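Have a look at the structure below, then the notes.
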Amino acid sequence: MNLEYEPVIGLEVHAQLLTKSKIFCSCSTEFGMPPNFNICPICLGHPGVLPVLNYQALEFIIRMGLATNCLINEKSIFARKNYFYPDLPKGYQISQFENPVCENGYIQIENDKKIRIKRIHLEEDAGKLIHDRGNVSLVDVNRCGIPLIEIVSEPDIHSSQEAFLYLSKLKQILIYLNICDGNMEEGSLRCDANISVRPKESKKLGTRTEVKNMNSFKNVEAAIEHEINRQIELIKDGGKIIQETLLWNAELNESVSIRGKEEAHDYRYFPDPDLVPILINNEWQVKIKQSIPELPDAKKNRFCKDYNLPIYDAEVLTSSRELADYYENVVKVTYDFKTASNWVMGDVLQIINEKKISINDFSISSQNLGQLINLVNKNIISGKIAKNVFQFMLEESKEPEEIVKERNLIQITDTSEIEKIIDEVISKSPKQVDDYLSGKDKIIGYFVGQIMSATKGKANPQMVNDLLLKKLNKNK
Ligand code: ADP
Ligand code: MG
Ligand code: ZN
């Protein structure tokens, strides 16, 4: 990064809302249908049709606004954004310009760093052009009229890492609120980045470019990084940044200019005469506010406090609502909060990541995992055996106690039994005993290994250690 210049970034994020029907008609939003199947005269904009707002879409944007500390406007209106493009049969997109539903919010990306949100508005999606079928381009308008919210940040972001944090937070909130699936690869979450640079001491914003077409977090980071460097180098060479729209090419790690940047006036926005203003009264706002689940930051803080967990653990455990619920159900059964966290963050996450499944489809119930932890804490099995029991539990949906009994895994805590095995191992290992007596303390590991293998790992490790040392040191 260049020290003399400060990057300035504002993100425009489009999130596809999880409604069953489109925003102004009753067509289905189902993904993957045959081309031009989910369509009707309304979403195609035939003359004389009347759009009617989907109530659910409105509730979803209000949820997002409240979750990101926005002001919800009592009155907002829809506007027509006019432009000509083959994937937009109407010739205009219904969006919001003046008076969006939400304004002036913020999200916290780190303890001491807020990114302000300028506005969140409702709009409809356009269709899709398909260019990879030989000499023709095809149009699929299924996507026309799918409800989107556009979340526009203030230019408060100053590095690609901050952009990444901001996007991660947005995505997490959208998913917590259950209003968007957050899938960037499939296009339900899209991000355009506005980027400029300015001399460190300057307060004035530099000329910006807008980079589009980044379909993963990794691409957003790479594209921003690349654009910052390009701008700094250009300025240092005495060049001037021109305001333009660039497309990111992830394969070439390069961006190409597609057009000069259009301004708002190019779209000839005007209020949509077919749609009545949206009025949101306070009563409704309060009702929606009450239905908002505990959000990631609040949950994280509560986990730290209530379960006495390190911040790192709390962050991982609250990365999704489902994982957090799973953990909270485990600690209803065991009070060993930290051990429960270790199991969930370690063994459990490893398996669900490997199998690419959701925690909801994980084969070990939270109840059974809690009981497994209790078996160790009650000294019924050792921590090591618990790892084996966990493996059995993955395949058989039995209670851990049943598995332990069936397979005879109960810990040996009988002193005389353990002593007998220690004696046997000692008498078979005169050389190692000599080594130990001559000061090679590390050889203890050998003895413990032998004893554990003789007991198939079932001897209580603490007792083995204590009794073994006592016997060996007797000969010192
Ligand atoms: P438009 O409607 O032309 O896209 P906006 O003013 O609504 O422009 O801004 C769009 C996004 O660009 C916002 O996220 C804003 O923060 C960001 N932005 C505006 N000016 C700059 C700039 N000079 N440098 C970086 N980002 C900017
Ligand atoms: Mg814009
Ligand atoms: Zn329709």
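Not measured: the values here are computed from a predicted model. First listed ligand is number 1; within each ligand, the first listed atom is number 1.
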Test side chain to side chain contact (heavy atoms under 4.5 Å, CB included) applied to H14 and D192, step by step: CA-CA 8 Å; H14 286 92; D192 303 334; 4.3 Å; yes
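Every atom of ligand 1 with a heavy atom of V152 under 4.0 Å away is listed here by number and element: 13 (C), 14 (O). Atoms of ligand 1 lying under 4.0 Å from at least one heavy atom of G10, given by number and element, are 14 (O), 16 (O), 17 (C), 26 (N). Less than 4.0 angstrom separates some heavy atom of G206 from each of these atoms of ligand 1: 23 (N).
When the heavy-atom distances from atom 25 (C) of ligand 1 to I117, I151, V8, T245 are ranked, the shortest goes to V8. Among K204, E154, E210, R208, the residue whose heavy atom lies nearest to atom 1 (P) of ligand 1 is R208.
In this structure, the side chain of T318 engages the main chain of A314 through a donor-acceptor pair within 3.5 Å. Side-chain atoms of E4 never come within 3.5 Å of backbone atoms of K200 as a donor-acceptor pair (strictly under, hydrogens ignored).
The closest approach between any non-hydrogen atom of K118 and ligand 1 is below 4.0 Å.
Not counting sequence neighbours, the partners of A15 by the side-chain contact (heavy atoms from CB on, under 4.5 Å) test are I149, L174, C180, L189. Residues that satisfy the ring-ring contact (aromatic ring centres under 6.0 Å, His included) test with F303, not counting sequence neighbours, are Y307, Y327.
Contact annotation for L11 and ligand 1: only backbone heavy atoms (N, CA, C, O) come within less than 4.0 Å of the ligand.
Inspection of the N377 and D336 side chains reveals an N or O donor paired with an N or O acceptor under 3.5 Å. In this structure, a donor-acceptor pair under 3.5 Å is present between the side chains of T209 and E227. No side-chain donor from either of R268 and N82 sits under 3.5 Å from a side-chain acceptor of the other.
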Side-chain polar contacts of residues 362-373 - donor-acceptor pairs under 3.5 angstrom, sequence neighbours left out - could you list them?
from: S363; atom 1: OG; to: L394; atom 2: O; distance (Å): 3.0
from: S365; atom 1: OG; to: N368; atom 2: N; distance (Å): 3.1
from: N368; atom 1: ND2; to: K398; atom 2: O; distance (Å): 3.4

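In terms of polar-atom proximity, T207 is not counted as a contact of ligand 1, lacking any N or O under 3.5 Å from an N or O of the ligand. The shortest N or O to N or O distance between I9 and ligand 1 is not below 3.5 Å.
For the Zn ion (ligand 3), the neighbouring protein N/O/S atoms at less than 2.8 Å, given as residue and atom, are C25 SG, C27 SG, C40 SG, C43 SG.
Within the cation-pi definition used here (under 6.0 Å to the ring centroid, within 45° of the axis), K169 does not qualify as a partner of Y166.
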